[in-house]
There are 2 protein chains.
Amino acid sequence: MEAVKAEPNITPRSLSKQARRKQLIEATIKCIADKGLSGTTMADVTQQAGLSLGIVNLHFQTKEKLLIETLSYISNEYTTGLNEIFNDEKLTTEQKILAHINFDFSRKITDRNKLAVWFAFWGETKSRPTYMSICASYISEIATNLTQLFAILKQQGGYSAVDPDLVCTCYTALSDGLWLDLLMTPKGLKPAQAQTVAMHYLTTQFPDHFKN
Amino acid sequence: MEAVKAEPNITPRSLSKQARRKQLIEATIKCIADKGLSGTTMADVTQQAGLSLGIVNLHFQTKEKLLIETLSYISNEYTTGLNEIFNDEKLTTEQKILAHINFDFSRKITDRNKLAVWFAFWGETKSRPTYMSICASYISEIATNLTQLFAILKQQGGYSAVDPDLVCTCYTALSDGLWLDLLMTPKGLKPAQAQTVAMHYLTTQFPDHFKN
DNA sequence: CAACTGAATGAACAACCATTCATTTTTAGT
DNA sequence: ACTAAAAATGAATGGTTGTTCATTCAGTTG
């Protein structure tokens, strides 16, 4: 674990306040991936960021707030990416769903450091209402959008037997489970294969649109 | 959180050594569910068990060993249940698969305290090789058995297009994801509904055997 | 009933770690 | 160049927690 600065030739304090916060959050992600949520100390995070011990208090007040901001950071990154797809007027419904899957198994999302952070927080949600409510809000937002896409495709494609809510629940659970697979058995399952598994399920529901 | 003894009328020390270990492990499960892995202290666990602080050291030497035994305990409970099904000579392949799903979404397995423990450990696997290897062993054992069941059903049922490995990966990921759903949105998804979702997937693969 | 065994207890200890804040360093304004 | 404000530092602090072990106590044996 080496200290890494965001930009080699720029002194640390020339970065703006917001950039410093981002630097600390990304150091936190790396630390959680390397040492776990319980094993991550303030000394670890600040050393990973190449800064001094007191810096977290200056920007986040407490460790707990830093952790909450870290969860919000990866949640926002995910929902923002999906909303861009959902709101893209140039894409057809079919293309949006394909783009959604593509995004779910892209490098950015299946990065094992970030997957470790997701599961670290998920593992604590039952005992931490704050984590729980952050997760609950992005979950329902994404489900609403995705269900709507499936409903449109059902109508347009004449898939009378398809239940959009069921397909949304099933697809979401499937991708969560595949992420767990990518985290736990990285030697066994690669992101591209995981995407194939997800496509395999969608093919069963919309065979005319998604051929294997 | 109240101290609860295993048997009201039996004094603590009349329990055998093994029963005492089980008592402590179950107290640990409750604590992890209530306070998270990082928030669980030795004082919490022993108080939950209604025993004194030093007892864990007597039976498990260290906290880390108690946690490892706790992960092994729930892993064994799960794999033992599945192996009983897999080895039951009286069941047909189709019945074994049905029993497998039934078990995955039974009360015993979808108990939110235990789900919280599963995800708590999964969230730390990347940084803890010991947790990782415990998980790796049960994962591969179950996958081997389940893939075999699907392969037999493919042959018997004439499902020439089915890929048993793919279906096993997909089903396993799906049930892991549904467990996450049960943990995170208990108000939204009930175990019986989760089971319906899992059945829905199997129906797409083996329509003659598993009708909706 | 007395001596013995080992399970259980919990006060005390030592290590760890989040947080504080007096001091130093950098930047921006004039 | 000088000054004031802002940012960053890191030694010191205090609270928490895993672990230890001398002592207590229940159950058993002869």
Side-chain angles (χ1 to χ4, degrees), chain A residues 1 3-28 31-32 34-70 124 127-128 130, chain B residues 1 3-28 31-32 34-70 124 127-128 130:
Chain A
M1 187 136 64
V4 174
K5 287 168 186 163
E7 293 282 325
N9 287 338
I10 296 174
T11 61
R13 68 188 62 194
S14 71
L15 293 167
S16 76
K17 210 148 188 170
Q18 180 139 5
R20 171 77 8 120
R21 285 170 62 94
K22 187 177 172 186
Q23 181 187 6
L24 286 166
I25 286 172
E26 282 174 350
T28 305
C31 285
I32 292 174
D34 286 347
K35 313 189 149 208
L37 201 46
S38 50
T40 294
T41 67
M42 302 302 260
D44 291 330
V45 171
T46 52
Q47 201 176 333
Q48 173 70 34
L51 295 167
S52 68
L53 183 56
I55 198 77
V56 168
N57 174 256
L58 191 66
H59 289 278
F60 294 93
Q61 291 80 54
T62 65
K63 181 186 183 182
E64 183 60 16
K65 284 183 184 171
L66 169 65
L67 294 178
I68 288 169
E69 293 291 322
T70 302
E124 301 264 299
S127 54
R128 304 252 186 167
T130 311
Chain B
M1 187 137 63
V4 173
K5 287 168 185 163
E7 292 283 324
N9 287 337
I10 296 175
T11 60
R13 70 187 59 193
S14 71
L15 294 167
S16 75
K17 209 149 190 171
Q18 181 139 4
R20 174 72 12 117
R21 285 170 61 94
K22 188 177 172 185
Q23 182 186 7
L24 287 167
I25 285 172
E26 281 172 353
T28 305
C31 285
I32 292 174
D34 286 347
K35 313 189 148 207
L37 201 48
S38 50
T40 295
T41 67
M42 301 302 261
D44 292 330
V45 171
T46 52
Q47 201 177 332
Q48 173 70 32
L51 295 167
S52 68
L53 183 56
I55 197 78
V56 167
N57 173 256
L58 193 66
H59 289 279
F60 295 93
Q61 290 80 53
T62 65
K63 181 186 184 185
E64 182 60 17
K65 283 183 185 171
L66 170 65
L67 294 178
I68 288 169
E69 294 291 322
T70 302
E124 299 264 300
S127 53
R128 303 253 186 165
T130 311

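Please read all numbers here as calculations on a predicted model, not as lab measurements. Below, read A as the first sequence line, B as the second, and so on, with proteins coming before strands; counting in each chain starts at 1.
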Kindly point out which of [options] is positioned nearest to the side chain of [X]?
| X | options | result |
| --- | --- | --- |
| A:Ser52 | D:dA7, D:dG10, C:dG10 | D:dG10 |
| A:Ile55 | D:dT9, D:dA7, C:dA8 | D:dT9 |
| B:Lys17 | C:dA7, D:dT20, C:dA8 | C:dA7 |

What integer distance in Å separates [X]:[atom1] from [N]:[atom2]?
| X | N | atom1 | atom2 | result |
| --- | --- | --- | --- | --- |
| A:Gln47 | D:dG10 | CD | P | 11 Å |
| A:His59 | C:dT19 | NE2 | P | 15 Å |
| A:Lys35 | C:dC16 | NZ | P | 12 Å |
| B:Leu58 | D:dT24 | CG | C1' | 14 Å |

Fill in: Side-chain N or O of B:Asn57 closer than 4.0 Å to phosphate OP1/OP2 of D:dT19
no

Pairs under 3.5 Å (N/O, protein and nucleotides 14-18 of chain D):
unit_1, atom_1, unit_2, atom_2, d
D:dG18, OP1, B:Lys63, NZ, 2.7
D:dG18, OP2, B:Met42, N, 2.8

Discussion item. Going by side-chain hydrogen bond (donor to acceptor under 3.5 Å, both in side chains), name the residues that satisfy it together with A:Thr41, two or more places apart in sequence or in a different chain.
Written reply: A:Asp44

Response to the item:
A:Gln61 meets the side-chain hydrogen bond (donor to acceptor under 3.5 Å, both in side chains) criterion, sequence neighbours left out, with none

Discussion item. Just verifying a value: how many Å separate A:Arg20 CZ and A:Ile25 CD1, rounded to the nearest 0.5 Å?
Written reply: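 Reported to 0.5 Å precision, the distance equals 12.5 Å.
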
Practice prompt. Applying salt bridge (Lys or Arg N to Asp or Glu O under 4.0 Å), name anything that partners B:Arg128, two or more places apart in sequence or on another chain.
Written response: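 Counting only residues at least two positions away or on another chain, B:Arg128 forms a salt bridge (Lys or Arg N to Asp or Glu O under 4.0 Å) with B:Glu64, B:Glu124.
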
Discussion item. Using side chain to side chain contact (heavy atoms under 4.5 Å, CB included), reason through A:Ser38 and B:Leu37 one step at a time and then give a plain yes or no.
Written reply: CA-CA 7 Å; A:Ser38 50; B:Leu37 201 48; 5.6 Å; no

Discussion item. Just to verify, what does B:Thr46 make a side chain to side chain contact (heavy atoms under 4.5 Å, CB included) with, not counting sequence neighbours?
Written reply: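 Result, side chain to side chain contact (heavy atoms under 4.5 Å, CB included) vs B:Thr46: B:Leu53, B:Ile55, B:Val56.
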
